[in-house]
Amino acid sequence: MIEIRFHGRGGQGAVTAAKILAKAAFYDGKYSQGFPFFGVERRGAPVMAFTRIDHKKIIVRSQVYNPDYVVVQDATLLDTVNVVEGLKKDGIVIVNTTKDDLDLDFKTYTIDATGIALDILGVPIVNTTMLGAFVGATKLISFDSLKRAILDTFRGELGEKNTKAAEVAYNIISEK
Amino acid sequence: MVTIGAIIYEPGNTTRNKTGNWRTFRPILNTEKCVKCEICYIFCPEGAIYEDENENFRINYDYCKGCLICSKECPTNAITKVREEK
Amino acid sequence: MNKRFPREELFAPGHRGCAGCGASILARMVLKTVGRDVIVVSATGCLEVFSTPYPETAWRVPWIHTAFECGGAVASGIEKAIKALKKRGKFKDRKITVVAITGDGGTADIGFQSLSGALERGHDMVYIMYDNEAYMNTGVQRSSATPLFASATTAPAGKKSKGEDRPKKDMAMIAAAHGIPYVATACISYPEDLMKKIKKACEIEGPTFIHVLQPCTVGWGYNPENTIEVGRLAVETGFFPLYEIEYGEFRITYRPTKRKPLKEYIRMQKRYRHLTDEDIEILQKYVDEKCKLLGLE
Amino acid sequence: MERVDVITGTTAAAIAAKLSKVEVIAAYPITPQSECIEVLAKFIADGELDAEYIKAESEHSAMAACIGASATGVRTFTATASQGLALMHEMLYIAAGMRLPVVMLNTNRALSAPINIWCDHQDSISERDTGWIQIYAEDNQETLDSIIQAYKIAEDEDVLLPVMVCIDGFILTHTVEPVHIPDEKKVRDYLGVYEPKHAYLDPDRPITQGPVGVPECYMETRKQISDAMEKAKKVIKRVNEEYYEIFNRRYGNGLVEGYNLEDADTVLVAMGSVCGTIKYVIDSLKEKGKNVGLLRVRTYRPFPKEDIKEMLKETENVGVLDKNISLGFNMGALGIEIMATLKGKKVCNYIVGLGGRDITLQNIEEIIKHLEESEDGETKWIGLKE
C-alpha cells in the first residue's frame with residue numbers, strides 16, 4: 001500500500017488533489033482512498049490531505065503517519081510545517097518552488113507549479129499542476145487516468161486548462 | 001389488542017362514551033319558543049344539539065354535559081334548566 | 001329556511017372536554033368550515049388529550065399528534081407529502097387542506113420556532129392557535145400568552161405579586177411579520193366572523209395564521225355557561241380586537257358600537273379577582289392604547 | 001446501469017436515498033453530515049430527483065416533518081449527527097412509537113461539551129432505546145447498500161420501525177473511495193413504492209395517529225415494538241441475502257460479521273469503520289502466524305445476542321472496543337451488552353477513539369496484547385495522552 005500526504009493551505013485545493021489522485025488510481029484499476037486531515041482549518045491555514053493506493057481493497061482507517069510520498073503545494077509551508085515528518089526513509093518529496101535544491105534529506109523534486117498555474121489557469125491554484133508533477137515523478141499511475149480524474153472534477157474549459165497545467169508539469173518532471 | 005402504533009381506526013368513536021351522566025343541570029328546550037336561530041347549536045361544546053326530522057332542535061341527553069351555554073345564550077329563553085335527579 | 005351553519009359533525013360527542021369547553025366549540029367550528037378534505041395536526045395540549053384517549057377519538061377526519069413543539073413542522077411534512085402523493089396520482093383532483101390546531105403554549109412558547117420555520121418556508125397550511133392564555137392541560141401554568149395581572153399557578157397573585165407580570169405576547173402580529181398572505185384574530189363567541197376567516201384561510205394558497213381567543217372555564221374561573229359571554233366581553237371591551245391582515249392589508253372585522261369598560265370582563269373571572277379598581281385602571285389603559293394603535297376607538 | 005464512482009460516505013448515502021426514490025426529505029445541516037443533504041438538494045435542483053425537500057429550521061423539526069410526511073404515506077429521508085441527533089431525541093421515540101419507517105443517516109460525531117465535530121459513537125448509542133433499528137456501516141459501499149436495505153427492512157410489515165444507518169464522521173463521511181452504484185431501476189424494482197397499510201393520513205379513511213396512550217394500552221405498545229425488534233433480526237438477515245442475490249454484496253449475516261474467527265482464541269468485537277483497521281491488523285498478524293478474530297456488530301439494534309453467543313462460545317479472550325462511554329459505569333455500551341450476553345466470560349472493554357482520537361494500528365496491537373495478558377475483564381482507555 002502506498003500512502004501520499006499533501007500539504008497545502010486552506011483554499012488551495014489539497015483535499016481536492018488527494019481525492020482526484022484517489023480517483024485516478026481507481027481508473028488505473030487500483031483501490032484507493034482520499035481524505036483530508038480532519039481539522040477545523042479555514043482558508044489560508046496549513047492543511048493536509050491523504051491518498052492511499054493499493055492493488056487490493058483498502059480497509060485500514062487510521063490516519064497516515066509514515067507516507068511514501070509528500071506533495072508540498074506551497075514552499076512557504078516549509079518554514080512552519082515539518083513536511084517530511086514520518087516520511088519513509090526512501091520516500092520522495094515534491095515541492096512547488098522556484099528553487100532547484102531544498103536540502104530536505106530526502107529525494108526531492110521541485111517544480112514552479114505556481115508559475116505554470118498562473119500561466120495556464122490564470123490563478124495560483126496549483127493542485128492539478130502538482131498532481132501532474134507527482135505522477136511524472138512517481139509514475140505511480142498513468143497520466144491518462146489522472147487526466148480523466150481531473151476532467152471528472154473540473155468540467156468544460158476549466159477541465160481542459162487544469163489537464164493542460166498537469167501535463168506541462170508532468171512533462172517537466174519526467175524530463176528531470 | 002392494541003393496534004400497531006396505537007392507531008385508532010374508528011373515527012369519532014368517542015360516541016360510545018355517554019357523557020350525559022356528567023350533568024348536574026339539565027337544559028330543557030321548548031320547541032314552541034325556539035326561533036331556530038342556531039345559536040345553541042353552534043355554541044354547544046358537545047355537538048349535542050341536533051335537528052330532528054321536523055327540523056326542530058333537540059338536545060341529545062346522551063352527551064349533554066349540562067354546561068348550560070345553550071340556555072344562557074338563547075335569545076328567546078327557550079332553554080330552561082332543571083336539576084338532574086338520580 | 002336557510003341554515004346558518006353546516007350540519008355535519010366532524011368532531012364527535014363523547015369527548016372528555018370540560019362542560020362548557022371553549023376548545024371543543026372551536027374544534028366543531030373549524031371542522032364545520034373546512035369539511036372532510038382535511039388533515040388535522042394537533043400539538044400536545046388540552047384538546048389533544050381530551051379528544052383522543054386510546055382507543056377513542058372524537059375526530060372524524062384524519063388527525064395526528066406527535067409532540068408539543070412541532071405542530072408547524074409536522075404540518076410541513078404532511079403538506080409536502082400531499083404534494084408528493086399528488087405526483088403519484090393520489091388526491092389528484094381535490095385540495096386537501098392541512099390544518100394545525102395548537103394551543104397558546106404549543107404556538108407562542110415551545111412551538112414558536114417550528115411555527116416560524118413553517119411560516120417562513122411558505123407551506124400551504126392553516127395554522128390555528130387556540131388561545132386560552134395558559135397551560136390549561138397541566139394545571140393553569142402561565143404561558144407567554146397569559147395576560148398581564150392574570151393569576152396562574154406559576155405566576156400566582158400574592159402579597160407581593162399581582163400575578164403575571166408581563167403583557168401578552170402578540171402572536172398575530174409576529175405571524176404577520178413573516179410576510180404570510182393571511183393573518184387574523186378571532187373569537188369563538190363570534191362564529192360567523194371566525195368561520196369566515198377560517199374559510200378564507202383555507203382558500204388562500206400559502207401559510208395562514210389565525211389567533212383564536214378561547215375562554216376556559218377552569219383556567220379563567222367562571223361558570224361553564226359563561227364561556228361565550230366571557231369571550232364576547234373580551235371583544236366588546238377591546239381587550240381582544242378582531243381583525244385580519246390580508247396580503248399585508250389590515251382591517252378591523254368587528255367594531256363594537258361602544259367599547260364596554262374592561263372591568264365588566266375582568267370581574268367575571270377568578271384569575272383576576274385579586275385586582276383592585278386601580279389595577280384594573282392600569283389594564284384599561286393598556287387596552288385603550290392598543291385599541292388606539294389598531295384604530296378601534 | 002451499474003457504475004463505480006470514487007465518492008465520500010455522505011455522497012454514497014445521498015445517492016442511496018435517490019436510488020430509493022425518497023419522496024420527502026426534511027433536513028438541517030450539521031457537520032459532518034451536511035454534504036449528504038447538499039448532494040440531495042443538488043439532485044433536486046438538477047432535476048435528477050423528483051422529491052419534496054423541506055429545509056427545516058432545526059433537526060427537531062426535520063424529524064417532526066419526516067414523521068408527518070411518513071404518516072401521510074410517503075418514503076422519507078433525513079440525515080444528522082451529534083447535537084442534531086440529540087435534539088431529535090424526543091421525536092425518535094415518536095417515529096418508532098408511531099411505527100413509521102423513516103430512514104436516517106447519522107454521521108457519528110461526539111457530543112458537547114467541549115464542542116467536538118469529530119467521530120465517536122456517543123450520539124447514536126445514546127439513542128439506542130428509542131426503538132430505532134441501528135446499522136453501523138464499515139465503509140462507503142456498505143453505507144450505500146445499508147440505506148437501500150434500510151427501507152426494505154423498515155417498511156417490512158413484520159418490522160415497521162425507523163432505521164438509522166450510522167457511519168463514522170469524517171472517517172467515512174469525508175473519505176472518498178470506490179463505491180459500486182447499482183442500477184436505479186433495479187433498486188426501484190427491489191424496493192417498490194411505499195404504500196403503508198397501517199398508517200396514513202387520508203380523508204377517505206380518517207384515522208387518528210398519536211393518541212393519548214393511557215396506562216391500559218401503553219405497555220402493550222412497548223411490547224409490540226420489542227417484538228418487532230426481535231422479528232427484525234430475521235428480516236435483516238433475509239434482506240441481507242436477498243440483496244446479495246440481486247446486487248451481489250452482503251455483510252456477514254446482516255446482523256454480525258465474523259472475520260478470522262476460526263482458530264482464534266482472541267476475538268475483538270467492534271462496530272463501524274474501526275473494524276477495517278482491525279481486519280488490517282488481523283491480516284498482518286496472520287502473516288506472522290498469529291490468529292486473532294473480529295466479530296463486527298453491524299446491527300446494534302436489534303442486538304444480535306444469539307449470534308454473538310454462538311460465535312464466541314469457544315473464545316477465551318473477548319475484547320470489546322467502544323467509541324462511547326457510559327459515564328458512571330466506566331464501560332462502553334457495547335462492552336456492557338457483550339458482557340451481559342456472554343454471562344460470566346472474561347470480557348475486556350476498550351474505550352477508544354472518543355471525539356476523533358485516531359485509532360492507530362499500534363492501538364489495536366496494544367489492545368490485543370493487553371487482552372491476551374489480562375486475567376479478568378477490565379476496562380482500559382486506549383490512546384489517552386499523559
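Chain A is the first sequence line, chain B the second, and so forth, proteins listed ahead of strands; every chain is numbered from 1. Worth knowing before you read on, the calculation uses all heavy atoms, side chains too, and leaves out hydrogens, waters and symmetry mates.
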Student: Between Trp63(C), Phe91(C), Tyr54(C), which has the largest tally of heavy atom pairs under 4.5 Å with chain D?
Tutor: Trp63(C)
Student: Give the member of Ser42(C), Ala67(C), Ser76(C), Ser51(C) that has the highest number of heavy-atom pairs under 4.5 Å with chain D.
Tutor: Ala67(C)
Student: Could you tell me whether Arg166(C) atom CZ has more than 12 heavy atoms of other residues or ligands within 6.0 Å of it?
Tutor: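 Count not over threshold, so no.
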Student: Check whether more than 12 heavy atoms from other residues, nucleotides or ligands sit under 6.0 Å from atom NZ of Lys223(D), and answer yes or no.
Tutor: no
Student: Mind ranking Met98(D), Arg205(D), Arg75(D), Glu216(D) by heavy-atom pairs under 4.5 Å with chain C and telling me who comes out on top?
Tutor: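 Answer, by heavy-atom pair count under 4.5 Å with chain C: Met98(D).
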Student: Would you say that more than 12 heavy atoms from the other residues, nucleotides or ligands in this model lie under 6.0 Å from the CE of Met219(D), or not?
Tutor: no
Student: Using 4.0 Å as the upper bound for N to carboxylate O, is an ion pair formed by Glu23(D) and Lys87(C)?
Tutor: no
Student: Determine whether Ser114(C) and Glu57(D) make a side-chain contact, defined as any pair of heavy atoms from C-beta on separated by less than 4.5 Å.
Tutor: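 Ser114(C) vs Glu57(D): side chains touch.
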Student: Please determine whether the number of non-hydrogen atoms from other residues, nucleotides or ligands lying under 6.0 Å from atom NZ of Lys200(C) exceeds 12.
Tutor: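 It does: Lys200(C) NZ has more than 12 such atoms within range.
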Student: Out of curiosity, Glu79(C) CD to Thr72(D) OG1, how far, rounded to the nearest 0.5 Å?
Tutor: 10.5 Å
Student: Looking at Lys86(C), I'd like to know if its NZ atom is crowded, meaning that more than 12 non-hydrogen atoms belonging to other residues, nucleotides or ligands lie closer than 6.0 Å.
Tutor: yes
Student: Counting only non-hydrogen atoms closer than 4.5 Å, does Ile64(C) touch chain D with its backbone (N, CA, C, O), its side chain (CB onward), both, or neither?
Tutor: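 Both backbone and side chain of Ile64(C) come within 4.5 Å of chain D.
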Student: Please assess Lys90(C) against Glu195(D) for the test side-chain contact (heavy atoms from CB on, under 4.5 Å), listing each intermediate value before the final yes or no.
Tutor: CA-CA 12 Å; Lys90(C) 202 175 172 184; Glu195(D) 293 197 80; over 6 Å; no
Student: With a 4.5 Å limit on heavy-atom distance, are the side chains of Ile54(D) and His123(C) in contact?
Tutor: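 Yes - at least one pair of side-chain heavy atoms lies under 4.5 Å apart.
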Student: Determine, step by step, whether Ser58(D) and Gln113(C) satisfy the side-chain hydrogen bond (donor to acceptor under 3.5 Å, both in side chains) criterion, reporting the C-alpha distance in whole Å, the side-chain angles of both residues, the deciding distance to 0.1 Å, and the verdict.
Tutor: CA-CA 9 Å; Ser58(D) 73; Gln113(C) 173 183 318; 3.2 Å; yes
Student: Do Cys70(C) and His60(D) have side chains that approach each other closer than 4.5 Å (heavy atoms only, starting at C-beta)?
Tutor: yes
Student: Where does Arg60(C) contact chain D at under 4.5 Å (heavy atoms): side chain, backbone, both or neither?
Tutor: backbone
Student: Given side chains that start at C-beta, do those of Pro203(D) and Ile96(C) come closer than 4.5 Å, heavy atoms only?
Tutor: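 They are in contact (side-chain heavy atoms under 4.5 Å apart), so the answer is yes.
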Student: Using heavy-atom distances under 4.5 Å, tell me whether Ala62(D) contacts chain C through its side chain, its backbone, both, or neither.
Tutor: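 No part of it gets close to chain C.
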Student: Pick one of side chain, backbone, both or neither for Tyr93(D), based on which atoms fall under 4.5 Å of a heavy atom in chain C.
Tutor: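 Neither; nothing under 4.5 Å.
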Student: Under 4.5 Å heavy-atom distance to chain C, tell me which part of Met63(D) shows up: side chain, backbone, both or neither.
Tutor: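 Neither; nothing under 4.5 Å.
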Student: Do Pro62(C) and Asp202(D) have side chains that get closer than 4.5 Å, going by heavy atoms?
Tutor: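 Result no, sub-4.5 Å side-chain heavy-atom pair not found.
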Student: Between Val49(C) and chain D, with a heavy-atom cut-off of 4.5 Å, which part of the residue counts as in contact: side chain, backbone, both or neither?
Tutor: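 The answer is both parts of Val49(C).
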Student: Quick one: which of Glu56(C), Arg36(C), Glu69(C) has the most heavy-atom pairs under 4.5 Å with chain D, could you say?
Tutor: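 Of the candidates given, the most pairs with chain D belong to Glu69(C).
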Student: For chain D, which of Ser116(C), Pro53(C), Gly77(C), Gly72(C) has the most heavy-atom pairs under 4.5 Å?
Tutor: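 Of Ser116(C), Pro53(C), Gly77(C), Gly72(C), Gly77(C) has the most heavy-atom pairs under 4.5 Å with chain D.
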Student: Considering the options Ile78(C), Leu85(C), Ile82(C), which one meets the side chain to side chain contact (heavy atoms under 4.5 Å, CB included) requirement together with Val74(D)?
Tutor: Leu85(C)
Student: Among Asp50(D), Leu201(D), Val24(D), single out the residue with the greatest number of heavy-atom pairs under 4.5 Å to chain C.
Tutor: Leu201(D)
Student: Please check if atom NZ in Lys55(D) has more than 12 non-hydrogen atoms from other residues, nucleotides or ligands closer than 6.0 Å.
Tutor: no
